[in-house]
Trainee: 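Have a look at the structure that comes next, please.
In what follows, every heavy atom counts, from backbone to side chain, and hydrogens, waters and symmetry copies are set aside. For the single chain, residues carry numbers from 1 onward in sequence order.
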Amino acid sequence: MAQVTQDVNEGMPLEEERAKDEETGAIEETEAKAPEAETRTPSKKKLIVVTAVVLATIALIIGLSVGLTQSNKNDDSKTNTSLSIKPAEPKNNEETIMSAQNPNIDIFDNAAVVMNETKLELKELSSGEIMSYREFNKGQPHNLVYLPGFMTDDSVASILAVLPQFQDHHIIAVNPIGWNGSTMKKSVYAHEENADQVMELLEAIGIDQAIAMGYSTGGGIAFYLAQKYPDVITTAFLVHSIPLDGLRSVDENGKLVELDMGGLQRMVSIYPEERDALFQFFKTYSSHPETFIPEDHELVDYFYTAAVNMPGKVEAWKANFDFNVSPIKTQYSEPSMDLASLESNIVVIHGLNDIAVPADQVEHITKLAISDNWAPQGIISYYNDHEGHLVFVDNPVAFAKIYRTAFEEQVLIPNGINPNIKIFDDAAALLETTVREEKNLPSGETMSYREYNKGQPHKLVFLPGFGGDDTMTSVLAVLPQFQDHHIISVNPIGWYGSTMNTPLYSHEENADEVMELLKLIGVDQAMAMGYSTGGGIAFYLAQKYPKVITTAFLAHSIPLNGLRYVDLTGEVLDVESFDDVESMLDSFYPNDQDSLYDFIKTYFSSNPDGFPPKDHAINLYGAESSINMPGKAEATIANSVFNVCPIQGQYSEASNALALLKSKVIVIHGSEDMVVSPTQVESVTKLAIAEQWAPSGMVSYYDDGEGHMVIIDKPTAFADVYRKAFEEKVLHEQEQTGF
């Protein structure tokens with residue numbers, strides 16, 4: 001397993017980075033970088049004193065739950081009563097709140113429903129203590145033991161349980177000894193001791209193998225679960241957790257100070273106990289008060305209960321300061337060799353903007369542990385989610401994306417598990433119940449299509465790429481980002497499933513045929529998405545029929561000025577004649593299932609670990625459509641002669657088609673696309689924007705950071721960027737205009 005020693009900005013769109021630093025609205029363009037697109041080193045931020053009283057009593061506590069600093073104000077305890085909510089996909093200042101409704105309200109509403117439906121279970125342990133827990137998403141294949149932060153409890157895990165990245169996780173949210181819902185008949189001052197008690201619970205309820213996630217204070221317990229019980233806990237995620245060498249306490253001058261039990265008790269006493277006061281106390285320190293959870297939200301009741309009813313506040317704080325698993329001698333502890341004995345993976349996920357538990361300390365001690373081999377090679381990895389301490393509640397979607405990337409890279413792929421297998425299985429099951437239909441067109445051609453998620457409010461006409469058909473759309477149809485989309489997946493003329501009695505060499509003509517189909521099946525208004533070759537057809541649907549197609553998404557599509565075909569030396573090929581095209585296709589495009597699979601996976605996929613298995617139904621459908629596409633040569637020629645720009649092309653004249661746009665065209669491409677040049681697509685799109693080849697606001701650009709087969713090999717990454725574009729360019733405009 002490879003070590004990760006740098007920031008990993010997986011799943012975070014580039015625009016999220018920019019939204020924190022600058023606004024980019026010079027042109028109608030939005031860039032969104034997906035996984036592995038960019039790394040960033042945290043900037044150092046000074047801890048600023050809020051009040052002398054706080055410093056005197058809690059010595060700034062650097063950590064967990066209090067973190068009373070002017071710039072962050074984030075802590076574990078805030079998750080109890082004040083959810084600092086931030087939009088799932090941060091926007092620039094003008095778009096931070098696109099409507100009066102909290103952009104994350106659905107997540108919290110769904111979490112409240114799950115909490116109400118999930119019983120709190122109790123188990124008596126051999127120590128005489130009673131430990132409580134809740135189980136979310138029972139029956140899912142991946143067991144996740146969740147350990148909450150200071151003054152929080154199992155209720156926070158309900159937020160994770162409703163996010164799509166955790167839908168294949170059976171979450172066992174445990175309240176350790178001293179947390180709300182569990183007893184503390186005897187004080188437990190060590191995270192190691194609490195880990196032993198948690199393991200006894202897991203054995204009692206039959207959890208024989210799982211991963212663990214410790215948030216903030218819970219990170220110490222999660223570590224010891226992995227270190228002491230590697231046969232059960234195979235990986236521990238330390239999320240915005242206490243550092244590997246524990247917390248430090250400093251005075252107003254930044255000098256380390258001792259903390260006795262009296263100091264710890266005074267530290268705890270600063271929290272108000274009255275509900276409204278505690279809510280306002282934490283809201284004051286929210287970094288996103290404009291999207292703060294409403295005070296009367298049902299989840300706040302759960303969080304308040306957890307905050308005021310935690311019996312082991314003082315004990316948990318002492319455990320945080322005493323925690324040390326590194327060979328560093330600290331103010332409170334001796335050097336330790338616990339890291340050296342690790343057999344299970346430790347994955348640290350921290351945030352650039354976490355000042356409650358300083359990002360610099362966590363990052364550098366983790367990277368030092370990796371580089372100096374304090375632990376066995378490959379056991380520790382580090383991911384930076386670029387968020388603050390309250391990431392679960394102020395940007396849960398951003399955290400979930402980073403977590404999912406780490407989970408796939410550090411858990412699934414090393415164990416030979418395809419990270420997309422559940423998506424493929426769900427898509428194959430959907431295909432079994434979705435009948436392919438067909439219509440006879442006025443031209444005499446027959447066009448086929450499938451409809452997914454009928455009855456949903458947003459109609460999307462999908463045009464597949466070269467060799468694809470309506471079956472690949474099943475992958476999108478099962479993703480949560482498309483659950484409000486009624487997808488009409490059309491096989492154009494010359495595609496498998498449709499006829500081609502007369503050769504069609506033009507995407508524009510094919511768009512006319514598709515429009516005839518839409519009329520016949522009663523689609524009076526929709527969006528279109530053209531993938532790869534299908535992008536040319538989608539463009540003309542929007543350009544020629546703006547009353548029907550209001551927006552066209554060109555996903556890893558041919559460039560606006562057409563496709564160029566080159567040989568292995570990069571020389572542009574002459575493909576003007578039909579015979580030339582057929583000869584070119586015959587020279588490299590396999591025509592049997594096994595060779596085709598290996599060819600596409602090897603040369604087209606940027607994420608082969610996520611590619612469908614060779615014997616999976618999704619791949620078999622794809623091979624059938626590719627081998628049996630009747631119009632391969634015709635589609636290839638159409639790609640070459642496509643040109644909607646005022647650029648004289650090798651195969652086409654300059655065009656003013658962009659200038660005639662009345663519907664939006666949104667280009668989504670990927671920096672890893674080796675099939676359709678990302679440089680050409682990005683450059684011609686941005687030039688069209690900058691030189692106003694189209695009316696202002698009609699063209700925009702998003703980068704998903706992926707390769708050409710993204711819908712198949714990294715569908716969630718594509719869906720995230722698509723959803724961002726859909727919300728910003730379609731839904732937001734509808735909210736603004738009322739249409």
Side-chain angles (χ1 to χ4, degrees), residues 423-424 426-441 445-453 460-479 482 485-501 504 507 510-511 513-514 517-518 521 528-538 541 553-558 585 589-593 596-597 599-601 604-605 611-612 614 616-636 638-639 675 708-713 715 718:
I423 295 173
F424 299 145
D426 290 345
L430 179 61
L431 274 169
E432 291 180 2
T433 61
T434 307
V435 178
R436 174 178 283 173
E437 302 181 62
E438 59 183 36
K439 291 290 182 182
N440 295 322
L441 306 182
E445 301 285 3
T446 298
M447 188 172 285
S448 65
Y449 63 99
R450 275 186 169 95
E451 294 188 72
Y452 303 97
N453 304 339
L460 177 67
V461 178
F462 182 86
L463 293 313
F466 184 91
D469 68 354
D470 53 63
T471 59
M472 77 177 299
T473 326
S474 63
V475 174
L476 299 182
V478 300
L479 296 174
F482 288 87
H485 283 44
H486 170 195
I487 303 176
I488 305 105
S489 188
V490 178
N491 300 312
I493 300 303
W495 267 250
Y496 179 63
S498 295
T499 62
M500 191 183 64
N501 300 323
L504 253 183
H507 290 320
N510 225 326
E513 296 279 30
V514 172
L517 171 72
L518 299 182
I521 64 177
M529 177 186 289
Y531 166 66
S532 192
T533 296
I537 302 173
L541 282 173
F553 291 87
L554 311 189
H556 287 255
S557 168
I558 56 177
L585 292 173
Y589 202 80
N591 208 33
D592 67 274
Q593 183 177 307
L596 182 65
Y597 179 86
F599 174 75
I600 293 177
K601 184 176 180 180
F604 287 15
S605 175
F611 207 76
K614 184 177 288 189
H616 198 281
I618 290 298
N619 177 63
L620 299 179
Y621 280 118
E624 183 180 15
S625 68
S626 185
I627 292 170
N628 295 301
M629 179 182 180
K632 290 188 180 77
E634 289 81 357
T636 301
N639 285 340
V675 178
H708 197 68
M709 300 303 295
V710 61
I711 292 178
I712 293 296
D713 64 14
F718 171 77

Trainee: I want to check something: taking the side chain as every heavy atom from C-beta on, are Val435 and Glu451 in contact at a cut-off of under 4.5 Å?
Mentor: no
Trainee: Does the Ser626 side chain pair with the main chain of Gly622, one donor and one acceptor, at a distance under 3.5 Å?
Mentor: no
Trainee: Using modelled atom types and a 3.5 Å cut-off, is there a donor and acceptor pairing between side-chain atoms of Ser532 and backbone atoms of Ser557?
Mentor: no
Trainee: Any chance you could measure Met500, atom CE, to Lys632, atom NZ, to the nearest 0.5 Å?
Mentor: 10.5 Å
Trainee: Tyr452 and side chain to side chain contact (heavy atoms under 4.5 Å, CB included): which single residue from Ile488, Leu431, Leu476 fits?
Mentor: Leu431
Trainee: Between the side chain of Lys601 and the main-chain N/O of Pro612, is any donor-acceptor distance below 3.5 Å?
Mentor: no
Trainee: For a 4.5 angstrom cut-off between non-hydrogen side-chain atoms, does Glu437 reach Ile521?
Mentor: no
Trainee: With heavy-atom distances below 4.5 Å as the criterion, would you say the side chains of Thr471 and Ile618 are in contact?
Mentor: no
Trainee: Flag the pair Phe462 / Phe482 as yes when their ring centroid distance falls below 6.0 Å, and as no otherwise.
Mentor: no
Trainee: By ring pair (Phe, Tyr, Trp, His ring centres under 6.0 Å), which residues pair with Tyr531, not counting sequence neighbours?
Mentor: His708
Trainee: Using a 3.5 Å distance criterion without hydrogens, assess whether the side chain of Asn491 forms a donor-acceptor pair with backbone atoms of Asp470.
Mentor: yes
Trainee: Measuring only between side-chain heavy atoms, which start at C-beta, is Asn501 closer than 4.5 Å to Glu445?
Mentor: yes
Trainee: Could you tell me if the side chain of Asn510 sits less than 4.5 Å from the side chain of Trp495, heavy atoms only?
Mentor: yes
Trainee: Quick one: does Thr446's side chain have a donor or acceptor within less than 3.5 Å of a partner on Thr499's backbone?
Mentor: no
Trainee: Is any side-chain heavy atom of Ser474 closer than 4.5 Å to a side-chain heavy atom of Thr434?
Mentor: no
Trainee: I'd like to know if the side chain of Ser498 and the backbone of Ser448 have a donor-acceptor N/O pair within less than 3.5 Å.
Mentor: yes
Trainee: Which value, rounded to the nearest 0.5 Å, describes the distance between Ile600 atom CD1 and Leu596 atom CG?
Mentor: 4.0 Å
Trainee: Which value, rounded to the nearest 0.5 Å, describes the distance between Met447 atom CE and Glu438 atom CD?
Mentor: 11.5 Å
Trainee: Is the backbone of Leu518 close enough, under 3.5 Å, to the side chain of Lys439 for a donor and an acceptor to pair up by distance?
Mentor: no
Trainee: Tell me whether Asn453 contacts the main-chain N or O of Ile487 through its side chain, where contact means a donor paired with an acceptor under 3.5 Å.
Mentor: no
Trainee: Measure the CG-CD1 distance between Asn619 and Ile712 for me, rounded to the nearest 0.5 Å.
Mentor: 9.0 Å
Trainee: Please list, chain by chain and in numerical order, all residues satisfying ring pair (Phe, Tyr, Trp, His ring centres under 6.0 Å) with Phe604, sequence neighbours excluded.
Mentor: Phe599
